[in-house]
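Every chain is numbered from 1 and lettered A, B, ... according to where its sequence line falls, protein lines coming before strand lines. Here the structure is a predicted model, which means the values were calculated and not measured.
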Amino acid sequence: MKIATWNVNSLRVRLPHLLDWLARQAPDVACLQETKCEDATFPAAELAAAGYHALHHGQRTYNGVAILTREPAVECGRGIPAFEDAQSRVIAADYRGVRIVSVYVPNGQAVGSEKYQYKMRWFEALVEWLRDELAAHPRILVAGDYNVAPEDRDVHDPAAWEGKVHVSAAEREALQRVIALGFKDAFRLFEQPEGSFSWWDYRLNAFRRKMGLRIDHVLLSPALAAEAKACTIDVEPRRLERPSDHAPVICELA
DNA sequence: ATGGTAGAAACTCTA
């Protein structure tokens with residue numbers, strides 16, 4: 001089973017890229033973030049024509065997460081149950097015996113800001129929720145935009161980024177608390193090229209200059225990690241005209 | 001030097 005995650009930064013704008021990419025990569029599951037559309041305007045018909053069923057937790061202008069599947073999946077919740085959140089950042093589904101969670105962790109804007117504090121509270125709620133979810137569903141994966149680069153090798157210029165949002169010690173510790181529940185970062189189960197990133201700022205020609213961060217992750221439960229065959233970042237969509245600022249991450253399970 | 005671009009929506013906020 002081939003499972004992908006991609007922050008598309010507006011599903012409406014990126015729909016042509018997404019449809020081309022679905023045809024090329026043919027994932028069984030695609031977790032999307034930043035759809036930036038309401039459920040009412042979700043392009044379900046276009047995706048159905050491309051061969052995908054969709055579950056969407058939408059929101060106007062900001063956020064919005066979806067799960068695309070080849071066959072219908074069973075939705076099992078939106079948001080973090082014990083965390084009151086006006087922002088659409090989580091959707092979960094069962095598909096072919098796997099609990100799939102698509103997450104869009106808050107950006108955090110700047111260390112110490114109000115949005116950063118929200119990010120840290122959000123992470124704590126995620127950890128508490130996933131502890132129970134992992135116990136109840138041994139075959140679970142949590143894929144999405146975590147807005148944290150776990151290690152210095154996930155950062156193009158660690159010195160320049162030191163202490164900044166996405167890289168700060170507190171954010172890395174928060175992500176490690178998720179991983180410490182028992183999850184594996186699928187990407188690091190395999191040998192990878194140096195300078196592997198999943199996001200590049202639109203500004204300053206960051207993509208061409210290889211100024212990226214690896215902030216999009218597929219976290220696998222131990223049962224699924226044992227079945228992982230490969231995990232790659234597909235940078236091709238980032239090369240296109242009018243791209244998302246993120247590249248898809250693709251994980252293959254046996 | 002605190003820049004730059006992109007998206008949605010509304011003349012600003014978020015990333």
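- Ring planes of A:Phe207 and A:Trp200: perpendicular class, angle over 60° (limits at 30 and 60°).
- Distance, A:Gln59 CD to B:dC13 P: 17 Å, rounded to whole Å.
- With salt bridges taken as basic N to acidic carboxylate O contacts below 4.0 Å, none links A:Asp245 and A:Arg203.
- Between A:Glu124 and A:Arg121, no side-chain nitrogen of the basic residue sits less than 4.0 Å from a carboxylate oxygen of the acidic one, so the salt-bridge criterion is not met.
- Whole-Å rounding puts the A:Trp122 CH2 to B:dA15 P distance at 13 Å.
- Contact of the A:Tyr116 side chain with the A:Ser113 side chain is registered, since non-hydrogen atoms from C-beta on lie closer than 4.5 Å.
- Ring orientation note: the planes of A:Trp199 and A:His246 are tilted relative to one another, at an angle of 30° to 60°.
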In residues 19-26 of chain A, what donor-acceptor pairs under 3.5 Å come from side-chain atoms, sequence neighbours left out?
{"unit_1": "A:Trp21", "atom_1": "NE1", "unit_2": "A:Asp234", "atom_2": "OD2", "d": "3.0"}
{"unit_1": "A:Arg24", "atom_1": "NH1", "unit_2": "A:Asp234", "atom_2": "OD2", "d": "3.4"}
{"unit_1": "A:Arg24", "atom_1": "NH2", "unit_2": "A:Asp234", "atom_2": "OD2", "d": "2.9"}
{"unit_1": "A:Gln25", "atom_1": "OE1", "unit_2": "A:Lys2", "atom_2": "NZ", "d": "3.1"}
{"unit_1": "A:Gln25", "atom_1": "NE2", "unit_2": "A:Asp234", "atom_2": "OD2", "d": "3.0"}

Test log, rule side chain to side chain contact (heavy atoms under 4.5 Å, CB included), inputs A:Phe197 and A:Met211: CA-CA 9 Å; A:Phe197 308 124; A:Met211 297 165 59; over 6 Å; no
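- For B:dA9 and B:dA15, the P atoms lie 15 Å apart once the distance is rounded to whole Å.
- Of the candidate nucleotides B:dA15, B:dA8, B:dA6, B:dA6 has the atom lying nearest to any side-chain atom of A:Tyr202.
- In this structure, the CD atom of A:Gln33 is 14 Å from the P atom of B:dA15, given to the nearest Å.
- With rounding to whole Å, A:Trp200 atom CH2 is found 18 Å from B:dG4 atom C1'.
- A donor atom on one side chain and an acceptor atom on the other are not found under 3.5 Å apart for A:Glu38 and A:Thr41.
- Comparing A:Asn7 and A:Ser10 against DNA chain B, the residue whose closest nucleotide sits nearer the 5' end is A:Ser10.
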Polar-atom pairs under 3.5 Å, protein N or O versus N or O of nucleotides 10-12 of chain B: list them with distances, or write none.
{"unit_1": "B:dA10", "atom_1": "OP1", "unit_2": "A:Arg60", "atom_2": "NH2", "d": "3.0"}

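- In this structure the side chain of A:Cys76 reaches within 4.5 angstrom of the side chain of A:Arg99, judged on heavy atoms.
- Between A:Val142 and the choices A:Leu220, A:Val218, A:Val101, A:Val90, the side-chain contact (heavy atoms from CB on, under 4.5 Å) rule is met once, by A:Val101.
- When rounded to the nearest whole Å, the span between CG of A:Leu240 and P of B:dA6 equals 14 Å.
- Per the geometry, NE2 belonging to A:His166 stands 8 Å off C1' belonging to B:dA15, to the nearest Å.
- By the 4.0 Å N-to-carboxylate-O rule, A:Lys164 lies too far from A:Asp157 to be salt-bridged with it.
- In this pair, A:His217 and A:Tyr146 present their aromatic rings tilted. The plane angle is within the 30 to 60° band.
- Remark: C1' of B:dG7 and CD of A:Glu241 are 17 Å apart, rounded to the nearest angstrom.
- When rounded to the nearest whole Å, the span between CG of A:Asn107 and P of B:dC13 equals 16 Å.
- Atom name C1', nucleotides B:dT14 and B:dG4: the rounded distance is 15 Å, in whole Å.
- OP1 or OP2 of B:dG7 has at least one side-chain nitrogen or oxygen of A:Arg242 nearer than 4.0 Å.
- Donor-acceptor pairing under 3.5 Å is lacking for the side chains of A:Asn9 and A:Ser244.
- By the side chain to side chain contact (heavy atoms under 4.5 Å, CB included) test, A:Val13 pairs with A:Ser10, A:Arg242, sequence neighbours left out.
- Interface residues of residues 13-25 of chain A facing DNA chain B, ordered by number: A:Val13, A:Arg14; criterion, heavy-atom separation under 4.0 Å.
- Residues from residues 110-120 of chain A placing a heavy atom under 4.0 Å of any atom in DNA chain B, listed by number, are A:Lys115.
- DNA chain B lies under 4.0 Å from at least one heavy atom of each of the following residues of residues 203-213 of chain A: A:Arg203, A:Leu204.
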